[in-house]
Amino acid sequence: MSEEIEFDDLPEQIAIRMAKREKLNELSSAYPVALPITHTIEATRAHYPNLEADVSTGDKVALAGRVMFLRNTGKLCFATLQSGTGERIQAMVSLDKVGEELLESWKELVDLGDHVFVEGEVITSKRGELSILADRWLMAAKTIRPLPNLHNELGEEFRVRHRYIDLIVRDRAREVVKIRSEVMQSLRNTFANRAFMEVETPMLQVMHGGASARPFKTHSNAFDTELFLRIAPELFLKRAVVGGLERVFEINRNFRNEGADRTHSPEFAMLEAYEAYGDYNTMASLTQELIQNAAKDVFGTHVVTLDDGSENDLGGEWPKVSMFESLSKAAGVEITHETPISELKKIADKVGIEIDHPLHGKYVEELWEHFVKPGFTGPTFVTDFPVDTSPLTRDHRSIPGVVEKWDLYIRGFEQATGYSELVDPVIQRQRFVAQMELAAAGDPEAMKLDEEFLKALEFGMPPSGGMGMGIDRLLMTLTGLGIRETILFPLVK
RNA sequence: GGGCCUCUAGCUCAGUUGGUUAGAGCAACGGACUUUUAAUCCGUGGGUCGUGGGUUCGAGCCCCACGGGGCCUACCA
């Protein structure tokens, strides 16, 4: 059967292009399966770095690219072809080289956005533009929809919803994807140099855990059971350490059924790493090295230039400040793990923070965020957190009432977190029980008691350090972009 | 979740206190042009003004509801 297309219902430009597609299929093909390409645009450009204007090389190439600009005159046509990396080269189609038929079909059938193939001599035009003077041309892939106007900025919504177009028309969009890929490579190299193994743990889980967050729920038909998308890989990576995988890391997606804004996405890429016989100090130096190596590997310097032109200095040894000490200093009163909640509440009231929570540590963290966090600029480790808000972390070895945990802050948001992991199964069970009480009191983010995880700990987990880092946020730190610009295809409704 | 703003041609945007036939640039179509660089010149077409309802003699503009999006605010990384 022939194709029946209702041109009348289509926007004018699409209907016209559909007709051109049919014409191309009659002549040969609008979508040929293969083309005799001999060179890439990049290779061709690289091979002739600085030719004079108006020269003929005598060299023939055959290449293809997407038409970004068309400049047709009566008997000589120019097109700017672009490769996937954004590299461009000019194609020239002239009457005396291709003949009347091919020239006319070029003018009739080639639109902006089409992929075209040209074969011909490498020359430079009278204005010095490196060009392929075509002996022949072929359609490589016809576009049905017109490309957006290249001379105006696309709106943020359009860019996110049509990232493939964003990648075609905007250099920065391609750059960010490249930077992200190189950052991932750098992270993996740093781990490899430290003898870490990369593993993958379940994203569908019968019981979610490893963080305080609300999960996405789903259902398995095969098992006829409720499943959760993971909020963190932690409890499985610790099982791996119990099993003797003493240096492991995982880079994969976490899902949290919570807010979305400039620094939060419902699905986000997470890096977690565990090191047997490490602790929160070794994890801090690992984290600093991961980030500094990434900056150095990708940009060649620890001082990265952000999207707004400002600089972000990630070099040097990053300072550590104690949460309780820095809070006490900033608040002007001594605050410890023994300061009664009623006292903390008074301070909170005085500065206008509303908190109503059963946990002492929640007050401390909220007050800290109010008094201390805004003053942060350069990378800083905030150390030694309250016990009751960190149920998977070991008590501090010498300071009572706090755990061996740090959060790394860069440019005012939490970039990474690290721990001396709790490995005592009895204390871990007590912590879970305390979480269950919170859940019973209505806290939707409280952790569940994970019997299978406790069983693993009961087989003996070596003393270990652990760290977690948001990959999207690392990209934000390195580029200054919002989270939706660092994710290739962010969730859109 | 709460508050404020926004949606007009393929894209980016104008559109007056409610008043004839809703405009521009790019893109498209027809014509001219053998060295263009967002080519240029002449001409032409293209709109359910987010959707549905309401007020009015008359709605792109005012009112209500719904949908998409943004910003601020609260919570989590």
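Each chain gets a letter, A, B and so on, in the order its sequence line appears, and its residues count up from 1. Because only heavy atoms are used, hydrogens play no part in the values below, and waters and symmetry mates are left out as well, while side chains stay in.
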- Can you list the steps and then say if Arg163(A) with Glu485(A) is a salt bridge (Lys or Arg N to Asp or Glu O under 4.0 Å)? CA-CA 10 Å; Arg163(A) 184 71 82 198; Glu485(A) 296 287 357; 3.4 Å; yes
- Item | Separation of G69(B) C1' from Phe158(A) CZ (nearest whole Å) | 14 Å
- Item | Pairing partner of A28(B) (Watson-Crick or G-U wobble, both distances under 3.5 Å) | U44(B)
- NA contact type, Ser265(A), heavy-atom cut-off 4.0 Å: base, sugar-phosphate, or nothing? base
- Item | Proximal nucleotide (of U34(B), C75(B), A27(B)) relative to the Pro146(A) side chain | A27(B)
- Describe the nucleic acid contact of Asp96(A) in one word from base, sugar-phosphate, nothing, applying a heavy-atom distance below 4.0 Å. base
- Item | Phosphate OP1/OP2 of C11(B) contacted by Arg145(A) side-chain N/O (<4.0 Å) | no
- Centroid under 5.5 Å and tilt under 30°, His264(A) to C76(B): yes
- Query: Is the shortest distance from a Lys or Arg side-chain nitrogen in Lys346(A) or Asp349(A) to a carboxylate oxygen in the other one below 4.0 Å?
  - Reply: no
- Provide, to the nearest angstrom, the distance between the CD atom belonging to Gln90(A) and the P atom belonging to A39(B). 10 Å
- Please state whether the phosphate of C11(B), meaning OP1 or OP2, lies under 4.0 angstrom from any side-chain nitrogen or oxygen of Arg161(A). no
- Task: May I ask you to check whether Arg17(A) and Thr143(A) show a side-chain donor-acceptor distance below 3.5 Å?
- Result: yes
- Rounded to the nearest Å, what distance is computed from the CD atom of residue Glu366(A) to the C1' atom of nucleotide C76(B)? 11 Å
- Item | Nearest-angstrom distance, C1' atom, U48(B) to C42(B) | 33 Å
- Query: What is the pairing partner of U34(B), taking Watson-Crick or G-U wobble pairs with both distances under 3.5 Å in any strand?
  - Reply: none
- Query: Across the strands shown, which category fits Phe69(A) at heavy-atom distances under 4.0 angstrom: base, sugar-phosphate, nothing?
  - Reply: sugar-phosphate
- Task: Indicate whether OP1 or OP2 belonging to G30(B) is found under 4.0 Å from a side-chain N or O atom of Lys107(A).
- Result: no
- Message: Under a 3.5 Å cutoff, is there a donor and acceptor pairing between the side chains of Thr80(A) and Arg71(A)?
- Response: yes
- Asn72(A) CG to C29(B) C1', in whole Å, measures 14 Å
- Message: Just to be sure I understand the rule, does Leu70(A) reach a base, reach only the sugar-phosphate, or reach nothing, if contact means heavy atoms closer than 4.0 Å?
- Response: sugar-phosphate
- Message: Between P on A28(B) and CE on Met18(A), what's the gap in Å once rounded to a whole number?
- Response: 18 Å
- May I ask you to say what Arg484(A) touches in the nucleic acid, namely base, sugar-phosphate or nothing, with a heavy-atom cut-off under 4.0 Å? sugar-phosphate
- Ignoring backbone atoms, test whether Lys362(A) places a side-chain nitrogen or oxygen under 4.0 Å from the OP1 or OP2 oxygen of C76(B). yes
- Message: Taking U21(B) as the reference, what is the distance to G2(B) when you measure between their C1' atoms (whole Å, please)?
- Response: 45 Å
- Query: Do Arg230(A) and Thr201(A) have a side chain donor and acceptor closer than 3.5 Å?
  - Reply: yes
- Message: As a test of reading the structure: which of U34(B), C11(B), G70(B) is closest to the side chain of Asn149(A), going by heavy atoms?
- Response: C11(B)
- Item | Shortest side-chain distance from Glu129(A), nucleotide among U37(B), C26(B), A27(B) | U37(B)
- Query: To the nearest angstrom, how far is Ile14(A) atom CD1 from G46(B) atom P?
  - Reply: 17 Å
- Message: Salt bridge check, Lys126(A) against Asp54(A): does any charged N sit closer than 4.0 Å to a carboxylate O?
- Response: no
- Message: Reading RNA chain B from 5' onward, which residue's closest nucleotide shows up sooner: Glu12(A) or Met92(A)?
- Response: Met92(A)
- Query: Counting side-chain heavy atoms from CB outward, which of A28(B), U35(B), C76(B) is closest to Phe78(A)?
  - Reply: U35(B)
- Measure from CG on Leu112(A) to P on A27(B) and round the result to the nearest Å. 7 Å
- Task: Take Thr124(A) and Arg256(A), find for each the nucleotide of RNA chain B with the closest heavy atom, and name the residue whose nucleotide sits nearer the 5' end.
- Result: Thr124(A)
- Phe453(A), Phe255(A), Phe228(A), Phe236(A) screened by ring pair (Phe, Tyr, Trp, His ring centres under 6.0 Å) with His208(A), the one that passes: Phe228(A)
- Query: Which is true for Ile16(A) with a 4.0 Å heavy-atom rule: it touches a base, it touches only sugar-phosphate, or it touches nothing?
  - Reply: sugar-phosphate
- Message: Tell me which nucleotide, if any, is Watson-Crick or G-U wobble paired with G1(B) when both distances must be under 3.5 Å.
- Response: U73(B)
- Starting at CG of Asp111(A) and ending at P of C29(B), how long is that distance when rounded to a whole Å? 6 Å
- Note on the structure: Ranking A27(B), C26(B), U12(B) by distance to the side chain of Asn152(A), first place goes to U12(B)
